[in-house]
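Remember, it's 1-based here, ligands and their atoms both numbered in the order they're listed. Given the structure is predicted, the values throughout are model-derived calculations rather than measurements.
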Amino acid sequence: MNSSPLVKSILLLLCLVESQGKAFIRLCYFPNWSNTRQSEYARFDIDDIDPTLCTHLVYAFAAVDVDSHRIVPMSPATENPSATTGKRGRYEQFNDLKRSYPHLKTLLSIGGEYAGSDNFVAVTRNDRILQRFSETTVDLLRKRGFDGLDVDWEYPNATTKANFSKLLKALRTAFEADRSGRERLILTAALPAGSHHIDTGYDMGALTRYLDLANLMTYDYHGSWNAVTGFDSPLFSRQSDPNFDAKLSTAWTVEHYMSKGLQADKIVVGVTAAGTRFKLNSTDLTGVGAPVIKSDTPRQSDIWQLPDRYAYPEICRLLQSTHTKYVFDEEQQVPYIVLDDEWVGYEDVKSLTGKVDWMMKKGVAGAMFWALDMDDFTGRVCDKGKFPLLKALSHSVGKIENTHLTKNVNTNIRYLTKYTGAASPLGGGAWGTLLTVVVAVLVLRFFR
Ligand SMILES: *[C@@H]1O[C@H](CO)[C@@H](O)[C@H](O)[C@H]1NC(C)=O
Ligand SMILES: *[C@@H]1O[C@H](CO)[C@@H](O)[C@H](O)[C@H]1NC(C)=O
Ligand SMILES: *[C@@H]1O[C@H](CO)[C@@H](O)[C@H](O)[C@H]1NC(C)=O
Ligand SMILES: *[C@@H]1O[C@H](CO)[C@@H](O)[C@H](O)[C@H]1NC(C)=O
């Protein structure tokens, strides 16, 4: 039973490849409208994407046409290839990123916040329409080079719940029936954070059966509709204050889905680079839960033009003022800043690192990032390099995975040593094992 060191090295490498395959997902949304902003700090296009920071890229959004019952581009002139010059369209340019970054998976997202439900109701009206919709979807995804579809129906309710499940089933069936010889198309859905939508619109059995990944939109917990200050995406609920709903946090939402039967290994937890902005009623009360003055019309941020929100680089600019007070809220594990009557609750490197740590302990599949264009992608505003938030996400994933990996490698070596009756491939005893682990970790880093 004495196998050669070579065999054992190969086995060890296979174990490493196996651990690599289960890498923590980083699913990043690319909004199609971000290339029209005035400011160069905010104008984001396909060329600005750093594909090393994501495992999945999602093009948001395409529309569902209620007459032809097909997915259609929002802007056919730019997203389809040019009929006259043959120039590649934006969908293909997006998917061309995979040539240089073969680890990437790309998805097309349909629906979104402003698309409503009518389009989805139209394609689920009867089985024939639904089947044709699913088949033409496969054709489109294959033709333009996507690896899958993200369904962002906001939101199915008690009436449409069953048909949402039927939609997922039909798509999954068509993806499995696809005979292109390529890897099966991936099916994901963007799902709500709030208890009402979760409890009325979704059959957890269907989500588990048909989805590869469930992208939870765990943000927008508080905003301009509130009378007091609160965080956009707190990790934990505010239990210390009975005026706060205990269901308003990432942890609550994730645990709620899990308690209803959605498996952790399907769950991708959302984080956002946008912070919520409030106007304080009084500069004497500036904590979490302080009274605010609501405005009738949304206030647009200067550079990103976000309604009642700021993109992360705009928050960096506020932090550059010496009058700005920064507070990290220990209870909810997210920061806020106060500048005069301005209050902003947001996500920073510290909170994101803690969130990722929590996600890994929960054993979820990964994190979702909304959205690429709202990080400091130029690196020229926050002075922390390009994509500081997205990098913080990757770094904390890397750090935690390496710790887990070292443990796995150790177990694998013990296993190998036990069943081959020999020492580890690089020498006997504890030192040999240690050396093997070091080499294994180096090998892994090299392949990353
Ligand atoms: C993106 O989608 C919007 C609709 O939301 C559309 O008006 C716009 O033309 C699209 N932009 C590009 C660059 O395709
Ligand atoms: C559910 O959504 C559909 C489609 O938008 C709508 O027609 C219906 O009135 C809604 N039902 C409930 C109970 O809200
Ligand atoms: C759901 O789909 C069925 C056909 O499968 C259709 O008869 C029904 O009207 C749809 N329900 C809604 C609420 O759209
Ligand atoms: C807002 O501040 C004013 C004093 O500037 C105070 O009279 C009022 O009660 C405050 N409103 C709330 C909701 O706290």
Output yes when a protein non-hydrogen atom is found under 4.0 Å of atom 7 (O) of ligand 4, and no otherwise. no

Would one find an N or O of Thr159, backbone or side chain, under 3.5 Å from an N or O of ligand 2? yes

When you look for heavy atoms under 4.0 Å from ligand 2, do you find them on the side chain of Ser117, its backbone, both, or neither? side chain

Would the Tyr310 and Trp343 ring centres measure less than 6.0 Å apart? no

Within the protein, is there a heavy atom lying under 4.0 Å from atom 11 (N) of ligand 4? yes

Main chain of Gln239, side chain of Glu331: is a donor-acceptor contact present, judged purely on distance under 3.5 Å? yes

Ring center gap for Phe164 and Tyr202 short of 6.0 angstrom: yes

Which ligand 3 atoms does Arg125 reach within 4.0 Å, using its non-hydrogen atoms? 2 (O), 3 (C), 4 (C), 6 (C), 7 (O)

With Glu255 as reference, evaluate Lys260, Lys247, Lys362 under the salt bridge (charged side-chain N to carboxylate O under 4.0 Å, His left out) test and give the passing residue. Lys362

Proximity to ligand 3 by part of Lys166, non-hydrogen separation under 4.0 Å: side chain

Only heavy atoms of Asn157, strictly under 4.0 Å: list the atoms of ligand 2 that pass. 1 (C), 2 (O), 3 (C), 8 (C), 10 (C), 11 (N), 12 (C), 14 (O)

Please say whether Ser282 places an N or O atom under 3.5 Å from an N or O atom belonging to ligand 4. no

